[in-house]
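Throughout, a chain's letter reflects where its sequence line sits, starting with A, and its residues are numbered from 1. Both backbone and side-chain heavy atoms feed into the values below; hydrogens, waters and symmetry mates do not. Values in this document were obtained by computation on a predicted structure and should not be read as measured data.
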There are 2 protein chains.
Amino acid sequence: MKYKIDADALKFYALTMTENLKDRHSPDVMESWARLQRASGAVLSRVEVHLKAEGFPPLGWYDVLLELRRAGGVGLRPVDIEKRMLLAQYNVSRLIERLVAASYVDKRRAPDDGRGVMVCLRPEGEALLEKMWPVYREAVEVEFAAHLDEEEAETLWKLLGKLLP
Amino acid sequence: MKYKIDADALKFYALTMTENLKDRHSPDVMESWARLQRASGAVLSRVEVHLKAEGFPPLGWYDVLLELRRAGGVGLRPVDIEKRMLLAQYNVSRLIERLVAASYVDKRRAPDDGRGVMVCLRPEGEALLEKMWPVYREAVEVEFAAHLDEEEAETLWKLLGKLLP
DNA sequence: TTTAAGTAGATGCAGATGCATTGAAATACA
DNA sequence: TGTATTTCAATGCATCTGCATCTACTTAAA
């Protein structure tokens with residue numbers, strides 16, 4: 001094998017050494033924390049770019065519609081959406097407002113509670129889910145899954161589970 | 001932030017986690033993805049609650065000031081802050097605007113580039129870092145670190161590294 | 001039953017974010 | 001050199017979020 005020393009090689013060497021040092025260095029917990037925020041934010045925004053590029057609404061819309069589909073015909077109370085998605089009450093209220101305006105869901109009076117409403121998926125919402133799914137899936141594949149093997153994804157899943165309430 | 005935690009949400013998650021464990025179901029990549037978003041959002045909002053409770057500004061302010069301190073006296077270009085923190089350009093621009101208004105940083109003309117500015121930490125900013133640090137550290141300890149041991153935190157750090165650009 | 005306390009959901013307002021665009025300066029390039 | 005392209009940063013505008021509060025209804029308690 002032949003080695004050639006030039007500026008680029010030196011630069012590469014310096015970089016790898018730095019990387020090696022970084023690897024040996026055990027990151028403190030603040031670095032893990034910071035990276036959790038950076039990485040999840042970065043990947044989310046990249047996934048959202050895919051959706052926007054195809055003219056789709058934000059991911060939050062998809063998530064709500066998906067919960068509604070899982071819930072079946074009776075729909076969900078806003079307060080349930082709030083708990084499942086860990087959203088603030090006023091955000092749920094306004095997200096639903098937008099979904100109603102866009103005709104993706106219906107809002108009905110809750111049968112057993114005069115204060116509440118039931119939010120139900122409309123066929124238009126179901127159709128949106130269908131149309132968004134392949135794009136969403138592909139985006140997550142490219143921006144997230146492609147960087148992890150099966151086992152890593154599962155490890156990540158387990159570790160993140162420890163952080164959930 | 002848009003995540004809000006309460007006792008019922010906690011119960012809901014405890015239940016779903018238990019079920020998942022019972023099922024011994026190997027999560028697909030979408031579940032890892034979803035959990036990344038849920039968990040990081042949930043923990044972030046809980047950490048922010050600590051800061052707000054003590055009357056401190058949002059975490060983003062701290063992060064920028066910290067980068068500026070690391071950069072030393074010469075300061076940083078907005079475009080560098082943008083890259084380090086993975087923020088959108090207009091968000092950096094406006095965050096700096098707020099930090100200037102709050103007297104935590106200075107904005108000077110960049111010496112070697114007529115288009116640019118240098119953002120420099122002021123003593124007031126340094127003081128804010130000092131005051132926020134114990135609260136921030138404690139918040140991350142309680143809401144994040146307490147749920148992971150040393151090795152788990154490092155594994156998480158490594159896995160998340162694969163997702164960074 | 002009457003009153004008090006709690007819960008579901010909406011909303012006014014202020015502040016933050018996203019998008020598109022602008023102006024100015026640097027760089028590329030013919 | 002002169003023109004085209006790219007980069008840095010700011011901003012007008014619309015939308016979204018966070019906070020506090022409000023109304024309406026339910027539940028608990030006397």
Task: 4.5 Å side-chain heavy-atom contact, A:L121 and A:L129 - done: yes

Open item on the list: Would you say that A:V100 contacts A:V119 through its side chain, given a criterion of any heavy-atom pair below 4.5 Å between the two side chains?
Closed with: no

Can you list, pair by pair, the side-chain donor-acceptor contacts under 3.5 Å of residues 136-145 of chain A, counting residues two or more places apart and other chains?
{"unit_1": "A:Y136", "atom_1": "OH", "unit_2": "B:W33", "atom_2": "NE1", "d": "2.6"}
{"unit_1": "A:E143", "atom_1": "OE1", "unit_2": "A:R46", "atom_2": "NE", "d": "2.8"}
{"unit_1": "A:E143", "atom_1": "OE2", "unit_2": "A:H50", "atom_2": "NE2", "d": "2.7"}

- [ ] Measure from the side-chain N and O atoms of B:E152 to the backbone N and O of B:D149, and report whether any donor-acceptor pair falls under 3.5 Å.
- [x] yes

Open item on the list: Distance check, rounded to the nearest 0.5 Å: B:E150 atom CD versus B:T155 atom OG1?
Closed with: 10.5 Å

TODO: With the side chain counted from C-beta on, respond yes when B:I96 and B:V117 share a heavy-atom pair under 4.5 Å apart, and no when they do not.
DONE: no

TODO: Answer yes or no: is there an ion pair linking A:E154 with A:K158, defined by an N-O contact shorter than 4.0 Å?
DONE: yes

Task: Phosphate-side-chain proximity, A:S93 and C:dG9, N/O vs OP1/OP2 below 4.0 Å - done: no

Open item on the list: With side chain to side chain donor-acceptor pair (under 3.5 Å) as the rule and sequence neighbours excluded, what pairs involving residues 100-112 of chain B come up?
Closed with: none

Open item on the list: Considering only residues two or more places apart or on different chains, which pairs with a residue in residues 68-86 of chain B satisfy salt bridge (Lys or Arg N to Asp or Glu O under 4.0 Å)?
Closed with: B:E67-B:R70, B:E67-B:R84, B:R69-B:E126, B:R69-B:E130, B:R77-B:D113

- [ ] Work out how much the helix from C:dT1-D:dA30 to C:dA30-D:dT1 bends between its end axes, five pairs an end, to the nearest 10 degrees.
- [x] 20°

Task: Distance, rounded to the nearest Å, where A:D112 contributes CG and C:dA8 contributes P - done: 12 Å

Open item on the list: Can you confirm whether A:M132 sits close enough to A:P57 that some side-chain heavy atom of one is under 4.5 Å from a side-chain heavy atom of the other?
Closed with: yes

Task: Length of the line joining A:L86:CG and D:dT17:P, which is rounded to integer Å - done: 15 Å

TODO: Figure out the CD/P separation between B:E48 and D:dT17, and round it to whole Å.
DONE: 15 Å

Open item on the list: Using a 4.0 Å heavy-atom cut-off to protein, can you give one letter per nucleotide of nucleotides 12-25 of chain C, 5' to 3': B if the base is in contact, S if only the sugar-phosphate is, - if neither?
Closed with: BB--SBBB-----B

- [ ] Check whether any side-chain nitrogen or oxygen of A:K83 sits under 4.0 Å from OP1 or OP2 of C:dT7, and answer yes or no.
- [x] no

Task: Interface with DNA chain D, restricted to residues 66-81 of chain A and to heavy atoms under 4.0 Å - done: none

Open item on the list: Using a heavy-atom cut-off of 4.0 Å across all strands, would you classify A:V117 as base, sugar-phosphate, or nothing?
Closed with: sugar-phosphate

Task: Distance-minimising heavy-atom pair for B:V29 and A:A153 - done: CG2-CB, 4.4 Å

Task: Value in whole Å for how far the P atom of D:dT17 lies from CG of B:L44 - done: 14 Å

